[in-house]
Amino acid sequence: PSVSDLILKVLSSSKERGGVSLVALKKALAASGYDVVRNNSRIKLAVKRLVASGRLIQTKGTGASGSFKIGSKAATKPKKPKKPKAKKPKAKRAKRKTAKKPAGAKKSPKKRRRTVRSPEKASETAEVKKTTKPKRAKRRASRTSKAKTAKK
């Protein structure tokens with residue numbers, strides 16, 4: 001039997017008014033010979049699935065924790081096998097024709113591309129960058145040396 005069937009069997013045999021807690025449910029499953037330690041996550045998933053389907057009602061707590069009772073749908077559990085419906089061939093969809101824009105319509109603005117700089121300008125910017133970095137490094141070095149001397 002599946003885990004959900006075992007859970008429903010344990011809950012139907014209990015006579016607790018407020019429902020059975022997850023801990024008590026696991027103890028009952030272990031007593032019936034189910035390996036609870038190995039299948040802990042399966043038990044939690046089965047409980048969540050049963051609550052979502054309405055076969056269990058959660059009286060306390062949230063998620064897989066709390067107390068549970070048998071729901072109204074659990075009594076109507078045996079399902080008759082459904083007859084497979086005959087599949088109808090789907091009609092082919094006609095391709096949509098895209099409406100052409102009028103000739104005078106405005107185009108959306110395109111993103112600007114970076115312009116390629118001449119070698120002269122590129123060298124100037126490189127020189128500017130080179131001059132700014134050492135100043136920062138000196139500032140950082142002076143700050144760290146002051147902090148070290150202050151700590152000592």
Side-chain angles (χ1 to χ4, degrees), residues 1-117 125 129 132-152:
S2 65
V3 181
S4 54
D5 292 339
L6 291 172
I7 291 170
L8 287 172
K9 195 180 293 181
V10 168
L11 287 172
S12 62
S13 65
S14 76
K15 295 180 182 179
E16 296 290 325
R17 269 185 56 209
V20 178
S21 68
L22 186 70
V23 177
L25 182 78
K26 286 180 183 177
K27 283 181 183 176
L29 286 173
S32 66
Y34 190 74
D35 189 5
V36 176
V37 176
R38 182 178 277 175
N39 299 314
N40 190 25
S41 59
R42 282 199 186 123
I43 294 170
K44 286 181 181 179
L45 286 172
V47 167
K48 284 182 186 178
R49 219 178 295 123
L50 288 169
V51 169
S53 67
R55 293 169 72 189
L56 282 187
I57 297 172
Q58 191 163 15
T59 57
K60 295 178 188 173
T62 58
S65 62
S67 297
F68 305 94
K69 291 200 279 192
I70 290 190
S72 58
K73 289 188 179 180
T76 59
K77 195 245 173 191
K79 295 181 182 177
K80 295 177 183 176
K82 294 182 181 179
K83 295 178 183 176
K85 295 180 182 178
K87 294 183 179 180
K88 297 177 183 177
K90 292 184 180 179
K92 293 182 180 177
R93 292 183 182 177
K95 292 184 179 178
R96 294 182 184 176
K97 293 181 180 178
T98 56
K100 294 183 179 178
K101 294 180 181 177
K106 294 181 179 178
K107 294 182 180 179
S108 60
K110 295 182 180 179
K111 293 181 179 178
R112 292 184 183 178
R113 291 186 178 179
R114 279 190 161 176
T115 55
V116 178
R117 294 182 180 175
T125 55
K129 287 181 182 177
T132 56
K133 285 184 179 177
K135 289 180 184 176
R136 286 184 183 169
K138 287 179 184 175
R139 266 193 243 149
R140 287 181 185 155
S142 63
R143 286 182 185 171
T144 54
S145 62
K146 287 179 184 176
K148 285 180 183 176
T149 54
K151 286 182 181 176
K152 291 180 182 178

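Quick note: numbers below take in every heavy atom, side chains included, and nothing from hydrogens, waters or symmetry partners. The structure displayed is predicted, hence computed values, not measured ones. By convention here, the first residue in the shown sequence is residue 1.
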Okay, side chain of E16, backbone of L11: is any donor-acceptor separation there less than 3.5 Å? no
Please report the shortest heavy-atom distance between [X] and [Y], naming the atom on each side.
{"X": "I7", "Y": "A46", "result": "CD1-CB, 3.9 Å"}
{"X": "P1", "Y": "D5", "result": "CB-CB, 4.3 Å"}
{"X": "G18", "Y": "T59", "result": "O-OG1, 2.8 Å"}
{"X": "D35", "Y": "R38", "result": "OD2-CB, 3.1 Å"}
{"X": "A28", "Y": "V10", "result": "CB-CG1, 3.5 Å"}

Starting at [atom1] of [X], measure out to [atom2] of [Y] and round the result to the nearest 0.5 Å.
{"X": "L50", "Y": "I57", "atom1": "CG", "atom2": "CD1", "result": "12.0 Å"}
{"X": "L56", "Y": "I70", "atom1": "CG", "atom2": "CD1", "result": "7.0 Å"}
{"X": "S2", "Y": "R42", "atom1": "OG", "atom2": "CZ", "result": "11.5 Å"}
{"X": "L22", "Y": "K60", "atom1": "CG", "atom2": "NZ", "result": "13.5 Å"}
{"X": "K48", "Y": "S65", "atom1": "NZ", "atom2": "OG", "result": "9.0 Å"}

Under the criterion side-chain contact (heavy atoms from CB on, under 4.5 Å), I'd like the reasoning laid out for V47 against V3: C-alpha separation, chi angles, the key distance, then a yes or no. CA-CA 9 Å; V47 167; V3 181; over 6 Å; no
Answer yes or no: is there a side-chain heavy-atom contact under 4.5 Å between K44 and K26? yes
